[in-house]
Amino acid sequence: MSIGALTHPPSSRRFLLIAHSALLIALVLGMEQLAPMFRALFPDQDPAMYQRESFLNLTLAHLALVLLSSLISVSVGVAAGLFVTRPAGREFEPLVSTLAAIGQTFPPAAVLAIVVPIAGFGFVPTLVALVLYGLLPVVQNTVAGLGTVPSQTLEAARGNGMSTWQILWHIELPLAMRVIIAGVRVSVIINIGTATIGSTVGATTLGTPIIAGLVGNNLPYVIQGAILVGLLAIVTDLAFERLERRFSFGEEGNAA
(Lines give C-alpha, C1' and ligand atoms only; values in the text may rest on other atoms or scores of the structure.)
Protein backbone atom coordinates (compact mmCIF):
# COMPACT_ATOMS: atom_id res chain seq x y z
CA MET A 1 0.00 0.00 0.00
CA SER A 2 1.31 3.45 -0.90
CA ILE A 3 1.84 6.28 1.57
CA GLY A 4 -0.97 8.19 -0.13
CA ALA A 5 -3.34 5.30 0.54
CA LEU A 6 -2.50 5.48 4.24
CA THR A 7 -2.84 9.23 4.66
CA HIS A 8 -5.75 10.22 2.38
CA PRO A 9 -9.34 8.92 2.26
CA PRO A 10 -10.71 7.92 -1.19
CA SER A 11 -12.57 11.24 -1.67
CA SER A 12 -9.38 13.19 -0.90
CA ARG A 13 -7.32 11.14 -3.36
CA ARG A 14 -9.97 11.69 -6.03
CA PHE A 15 -9.82 15.43 -5.41
CA LEU A 16 -6.01 15.38 -5.61
CA LEU A 17 -6.15 13.56 -8.94
CA ILE A 18 -8.68 16.03 -10.38
CA ALA A 19 -6.83 19.08 -9.03
CA HIS A 20 -3.40 17.99 -10.29
CA SER A 21 -4.85 16.99 -13.66
CA ALA A 22 -6.52 20.38 -14.03
CA LEU A 23 -3.30 22.16 -13.10
CA LEU A 24 -1.31 20.07 -15.57
CA ILE A 25 -3.74 20.81 -18.41
CA ALA A 26 -3.80 24.51 -17.54
CA LEU A 27 -0.01 24.75 -17.60
CA VAL A 28 0.36 22.70 -20.79
CA LEU A 29 -2.13 24.93 -22.61
CA GLY A 30 -1.31 28.22 -20.93
CA MET A 31 2.32 28.21 -19.82
CA GLU A 32 2.98 31.16 -22.14
CA GLN A 33 0.57 33.24 -20.05
CA LEU A 34 3.09 33.02 -17.21
CA ALA A 35 5.75 34.85 -19.22
CA PRO A 36 5.36 38.13 -17.23
CA MET A 37 5.87 36.23 -13.97
CA PHE A 38 9.03 34.51 -15.24
CA ARG A 39 10.38 37.83 -16.58
CA ALA A 40 9.78 39.43 -13.19
CA LEU A 41 11.40 36.52 -11.30
CA PHE A 42 14.35 36.28 -13.68
CA PRO A 43 14.99 39.79 -15.06
CA ASP A 44 18.47 38.84 -16.25
CA GLN A 45 17.17 36.02 -18.47
CA ASP A 46 16.16 36.92 -21.99
CA PRO A 47 14.02 35.22 -23.12
CA ALA A 48 12.52 33.94 -19.88
CA MET A 49 9.90 31.74 -21.58
CA TYR A 50 10.69 28.74 -23.76
CA GLN A 51 9.07 29.41 -27.15
CA ARG A 52 10.90 27.23 -29.69
CA GLU A 53 8.03 24.72 -29.56
CA SER A 54 4.66 24.70 -27.83
CA PHE A 55 4.40 22.92 -24.50
CA LEU A 56 1.37 21.05 -25.87
CA ASN A 57 3.47 19.47 -28.63
CA LEU A 58 6.26 18.68 -26.17
CA THR A 59 3.81 17.04 -23.76
CA LEU A 60 2.10 14.98 -26.46
CA ALA A 61 5.47 13.80 -27.81
CA HIS A 62 6.60 12.93 -24.28
CA LEU A 63 3.40 10.99 -23.61
CA ALA A 64 3.68 9.10 -26.90
CA LEU A 65 7.23 8.03 -26.08
CA VAL A 66 6.32 6.94 -22.53
CA LEU A 67 3.15 5.13 -23.63
CA LEU A 68 4.85 3.17 -26.41
CA SER A 69 7.88 2.24 -24.32
CA SER A 70 5.64 1.25 -21.39
CA LEU A 71 3.43 -0.86 -23.66
CA ILE A 72 6.47 -2.79 -24.88
CA SER A 73 7.96 -3.11 -21.38
CA VAL A 74 4.68 -4.33 -19.92
CA SER A 75 4.03 -6.79 -22.74
CA VAL A 76 7.53 -8.29 -22.56
CA GLY A 77 7.72 -8.11 -18.76
CA VAL A 78 4.37 -9.77 -18.09
CA ALA A 79 5.05 -12.44 -20.72
CA ALA A 80 8.44 -13.17 -19.16
CA GLY A 81 6.91 -13.29 -15.68
CA LEU A 82 4.22 -15.69 -16.83
CA PHE A 83 6.79 -17.91 -18.55
CA VAL A 84 9.07 -18.31 -15.54
CA THR A 85 6.13 -19.10 -13.23
CA ARG A 86 5.00 -22.00 -15.44
CA PRO A 87 6.52 -25.46 -14.87
CA ALA A 88 8.36 -25.35 -18.23
CA GLY A 89 10.02 -22.01 -17.48
CA ARG A 90 10.85 -22.09 -13.76
CA GLU A 91 14.48 -23.01 -14.39
CA PHE A 92 14.88 -19.80 -16.43
CA GLU A 93 13.70 -17.48 -13.64
CA PRO A 94 17.23 -16.55 -12.43
CA LEU A 95 18.30 -15.79 -16.00
CA VAL A 96 15.24 -13.66 -16.78
CA SER A 97 15.54 -11.74 -13.49
CA THR A 98 19.23 -11.10 -14.11
CA LEU A 99 18.65 -9.84 -17.65
CA ALA A 100 15.84 -7.52 -16.46
CA ALA A 101 18.06 -6.20 -13.67
CA ILE A 102 20.89 -5.53 -16.11
CA GLY A 103 18.49 -3.60 -18.32
CA GLN A 104 17.62 -1.22 -15.48
CA THR A 105 21.07 -0.86 -13.96
CA PHE A 106 22.62 -0.06 -17.34
CA PRO A 107 22.63 3.78 -17.47
CA PRO A 108 20.17 5.22 -20.03
CA ALA A 109 22.90 7.56 -21.29
CA ALA A 110 25.08 4.54 -22.06
CA VAL A 111 22.21 2.86 -23.92
CA LEU A 112 21.76 6.02 -25.99
CA ALA A 113 25.47 6.12 -26.75
CA ILE A 114 25.33 2.53 -28.03
CA VAL A 115 22.07 2.75 -29.98
CA VAL A 116 22.54 6.15 -31.63
CA PRO A 117 25.31 4.98 -34.03
CA ILE A 118 23.04 2.11 -35.08
CA ALA A 119 19.57 3.70 -35.18
CA GLY A 120 20.41 7.39 -35.48
CA PHE A 121 19.26 10.30 -33.35
CA GLY A 122 15.77 10.96 -32.03
CA PHE A 123 12.90 8.69 -31.06
CA VAL A 124 14.28 5.17 -31.55
CA PRO A 125 17.33 5.20 -29.23
CA THR A 126 15.26 6.84 -26.50
CA LEU A 127 12.56 4.19 -26.93
CA VAL A 128 15.14 1.39 -26.57
CA ALA A 129 16.56 2.94 -23.40
CA LEU A 130 13.11 3.34 -21.83
CA VAL A 131 12.02 -0.20 -22.69
CA LEU A 132 15.13 -1.65 -21.05
CA TYR A 133 14.77 0.65 -18.05
CA GLY A 134 11.11 -0.24 -17.49
CA LEU A 135 11.35 -4.04 -17.61
CA LEU A 136 12.58 -4.92 -14.11
CA PRO A 137 9.60 -3.69 -12.01
CA VAL A 138 7.13 -5.41 -14.35
CA VAL A 139 8.98 -8.75 -14.35
CA GLN A 140 9.54 -8.72 -10.59
CA ASN A 141 5.96 -7.83 -9.71
CA THR A 142 4.47 -10.29 -12.18
CA VAL A 143 6.49 -13.10 -10.61
CA ALA A 144 5.71 -11.87 -7.08
CA GLY A 145 2.00 -11.41 -7.79
CA LEU A 146 1.56 -14.86 -9.30
CA GLY A 147 3.54 -16.29 -6.40
CA THR A 148 1.02 -14.94 -3.88
CA VAL A 149 -1.87 -16.96 -5.29
CA PRO A 150 -2.71 -19.59 -2.61
CA SER A 151 -1.92 -23.14 -3.65
CA GLN A 152 -5.23 -24.26 -2.09
CA THR A 153 -7.09 -22.00 -4.49
CA LEU A 154 -5.26 -23.50 -7.46
CA GLU A 155 -5.95 -27.02 -6.24
CA ALA A 156 -9.63 -26.22 -5.80
CA ALA A 157 -9.78 -24.84 -9.35
CA ARG A 158 -8.17 -27.97 -10.74
CA GLY A 159 -10.58 -30.09 -8.71
CA ASN A 160 -13.47 -28.25 -10.36
CA GLY A 161 -12.17 -29.27 -13.77
CA MET A 162 -10.72 -25.94 -14.86
CA SER A 163 -8.00 -26.08 -17.52
CA THR A 164 -4.56 -24.50 -17.13
CA TRP A 165 -5.56 -21.49 -19.23
CA GLN A 166 -8.85 -21.08 -17.35
CA ILE A 167 -6.99 -21.09 -14.05
CA LEU A 168 -4.55 -18.47 -15.37
CA TRP A 169 -7.20 -16.10 -16.73
CA HIS A 170 -9.90 -16.53 -14.09
CA ILE A 171 -7.90 -17.22 -10.93
CA GLU A 172 -4.20 -16.33 -11.08
CA LEU A 173 -4.23 -13.07 -13.03
CA PRO A 174 -7.18 -11.49 -11.17
CA LEU A 175 -5.61 -12.33 -7.79
CA ALA A 176 -2.17 -11.12 -8.89
CA MET A 177 -3.37 -8.08 -10.83
CA ARG A 178 -2.92 -5.50 -8.07
CA VAL A 179 0.72 -6.49 -7.56
CA ILE A 180 1.32 -6.52 -11.33
CA ILE A 181 -0.24 -3.06 -11.70
CA ALA A 182 2.01 -1.81 -8.90
CA GLY A 183 5.01 -2.90 -10.97
CA VAL A 184 3.60 -1.23 -14.07
CA ARG A 185 3.04 1.91 -12.00
CA VAL A 186 6.70 2.03 -10.94
CA SER A 187 7.86 1.32 -14.50
CA VAL A 188 5.75 4.10 -16.04
CA ILE A 189 6.72 6.68 -13.39
CA ILE A 190 10.39 5.87 -13.92
CA ASN A 191 10.01 6.31 -17.67
CA ILE A 192 8.20 9.64 -17.35
CA GLY A 193 11.28 11.09 -15.69
CA THR A 194 13.86 9.15 -17.69
CA ALA A 195 12.32 10.13 -21.04
CA THR A 196 13.65 13.65 -20.58
CA ILE A 197 17.18 12.42 -21.28
CA GLY A 198 16.07 11.55 -24.81
CA SER A 199 16.28 15.23 -25.70
CA THR A 200 20.07 14.96 -25.50
CA VAL A 201 19.93 12.85 -28.69
CA GLY A 202 17.28 14.84 -30.51
CA ALA A 203 14.05 13.28 -29.25
CA THR A 204 11.20 15.73 -28.66
CA THR A 205 10.17 15.49 -25.01
CA LEU A 206 9.51 17.70 -22.02
CA GLY A 207 13.24 17.39 -21.46
CA THR A 208 13.81 19.65 -24.48
CA PRO A 209 13.41 22.94 -22.53
CA ILE A 210 15.32 21.42 -19.60
CA ILE A 211 18.31 20.51 -21.79
CA ALA A 212 18.12 23.87 -23.57
CA GLY A 213 18.10 25.61 -20.21
CA LEU A 214 21.09 23.65 -18.96
CA VAL A 215 23.06 24.29 -22.12
CA GLY A 216 22.16 27.98 -22.27
CA ASN A 217 22.31 28.58 -18.51
CA ASN A 218 18.63 29.54 -18.59
CA LEU A 219 16.97 28.54 -15.30
CA PRO A 220 13.39 29.48 -16.35
CA TYR A 221 13.54 26.91 -19.18
CA VAL A 222 14.60 24.23 -16.71
CA ILE A 223 11.81 25.14 -14.29
CA GLN A 224 9.13 25.14 -16.98
CA GLY A 225 10.06 21.68 -18.24
CA ALA A 226 10.59 20.24 -14.77
CA ILE A 227 7.22 21.45 -13.47
CA LEU A 228 5.37 19.70 -16.30
CA VAL A 229 7.35 16.48 -15.91
CA GLY A 230 6.73 16.48 -12.16
CA LEU A 231 3.01 17.12 -12.54
CA LEU A 232 2.71 14.44 -15.20
CA ALA A 233 4.38 11.94 -12.87
CA ILE A 234 2.11 12.91 -9.96
CA VAL A 235 -1.07 12.63 -12.04
CA THR A 236 0.02 9.26 -13.42
CA ASP A 237 0.87 7.98 -9.95
CA LEU A 238 -2.51 9.03 -8.54
CA ALA A 239 -4.33 7.45 -11.50
CA PHE A 240 -2.46 4.17 -11.03
CA GLU A 241 -3.26 4.23 -7.31
CA ARG A 242 -6.97 4.33 -8.13
CA LEU A 243 -6.53 1.56 -10.69
CA GLU A 244 -4.72 -0.63 -8.14
CA ARG A 245 -7.54 -0.23 -5.64
CA ARG A 246 -10.07 -1.45 -8.18
CA PHE A 247 -8.30 -4.80 -8.06
CA SER A 248 -8.38 -4.93 -4.26
CA PHE A 249 -10.71 -7.41 -2.69
CA GLY A 250 -12.91 -6.58 0.23
CA GLU A 251 -13.80 -3.32 1.89
CA GLU A 252 -10.76 -1.33 0.73
CA GLY A 253 -11.41 -2.14 -2.92
CA ASN A 254 -15.08 -1.17 -2.61
CA ALA A 255 -14.10 2.14 -1.01
CA ALA A 256 -12.21 3.20 -4.13
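Using modelled atom types, one side-chain atom of Arg90 and one backbone atom of Thr85 make a donor-acceptor pair closer than 3.5 Å. Not one N or O on the side chain of His20 forms a donor-acceptor pair closer than 3.5 Å with the backbone of Val235. Between the side chain of Gln140 and the main chain of Gly81, no donor-acceptor pair closer than 3.5 Å is present. Under a 3.5 Å cut-off, the side chain of His170 and the backbone N or O of Gln166 do not form any donor-acceptor pair. Of the possible polar contacts, one joining the Gln45 side chain to the Asn217 backbone as a donor-acceptor pair under 3.5 Å is found.
Ile190 and Tyr133 get closest at one heavy-atom pair: CG2-CD2, 3.3 Å. Scanning all heavy atoms of the two residues, the minimum distance from Ala176 to Leu146 falls at CB-N, 3.6 Å. Of all non-hydrogen atoms in Thr208 and Ala203, the two that sit nearest each other are OG1-O, 3.8 Å. When every heavy atom of Val131 is checked against every heavy atom of Ser73, the shortest pair comes out as O-OG, 3.0 Å. Of all non-hydrogen atoms in Leu136 and Ser97, the two that sit nearest each other are CD1-O, 4.3 Å.
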Task: Audit row: Phe55, Leu27, side chain to side chain contact (heavy atoms under 4.5 Å, CB included) steps and yes/no - done: CA-CA 8 Å; Phe55 285 100; Leu27 288 177; over 6 Å; no
Open item on the list: Pair Leu63, Leu232 - check side chain to side chain contact (heavy atoms under 4.5 Å, CB included), show working.
Closed with: CA-CA 9 Å; Leu63 282 172; Leu232 183 59; 3.7 Å; yes
Open item on the list: Go through it in stages, so that I can follow the logic: the residues are Arg86 and Glu172, the test is salt bridge (charged side-chain N to carboxylate O under 4.0 Å, His left out), and I'd like the CA-CA distance, side-chain angles, deciding distance and then a yes or no.
Closed with: CA-CA 12 Å; Arg86 304 303 98 184; Glu172 292 185 87; 3.0 Å; yes
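Cluster membership check: Val229 shares its hydrophobic cluster with Leu17, using side-chain heavy-atom separations under 4.5 Å among Ile, Leu, Val, Met, Phe, Trp and Tyr. Residue Val188 is not grouped with residue Leu71 when hydrophobic side chains (ILVMFWY) are merged at heavy-atom distances under 4.5 angstrom, including chains of intermediate members. When hydrophobic clusters are built by joining Ile, Leu, Val, Met, Phe, Trp and Tyr residues whose side-chain heavy atoms come closer than 4.5 Å, directly or via intermediates, Leu23 is grouped together with Leu60. Tracing side-chain contacts under 4.5 Å through hydrophobic residues (I, L, V, M, F, W, Y), one reaches Ile197 starting from Val116; they form part of the same cluster. Hydrophobic clustering keeps Val84 apart from Ile180 (ILVMFWY residues linked when any side-chain heavy atoms are closer than 4.5 Å, directly or through intermediates).
A heavy-atom distance below 4.5 Å is not found between the side chains of Gln224 and Leu34. Contact check for Arg13 versus Arg245: side-chain heavy atoms found under the 4.5 Å cut-off. Residues Thr164 and Leu168 fail the side-chain proximity criterion, which asks for heavy atoms closer than 4.5 Å. Residues Leu214 and Tyr221 are not in side-chain contact: their nearest non-hydrogen atoms beyond the backbone lie 4.5 Å or more apart. Between Leu56 and Leu29 the shortest side-chain heavy-atom distance falls below 4.5 Å. Looking only at side-chain heavy atoms (C-beta outward), Asn218 and Tyr50 stay at 4.5 Å or farther from each other. The shortest side-chain heavy-atom distance between Leu58 and Thr205 does not fall under the 4.5 Å cut-off. Here the side chains of Leu173 and Leu82 are in contact, with some heavy-atom distance below 4.5 Å.
Rounded to the nearest 0.5 angstrom, Met49 CE and Phe42 CZ are separated by 10.5 Å. To the nearest 0.5 angstrom, Ile25 atom CD1 is 11.0 Å from Leu231 atom CG. To the nearest 0.5 Å, the span separating CZ on Phe92 from OG1 on Thr98 amounts to 13.5 Å. With rounding to the nearest 0.5 Å, the separation of OG in Ser187 from CD1 in Ile181 is 13.5 Å. Rounding to the nearest 0.5 angstrom, the gap separating the CZ atom in Arg185 from the CZ atom in Arg178 is 9.0 Å.
A salt bridge between Arg158 and Glu155 is present, with a side-chain N of the basic residue lying under 4.0 Å from a carboxylate O of the acidic one.
In the model, Thr194 has no side-chain atom that pairs as donor or acceptor with a side-chain atom of Asn191 under 3.5 Å.
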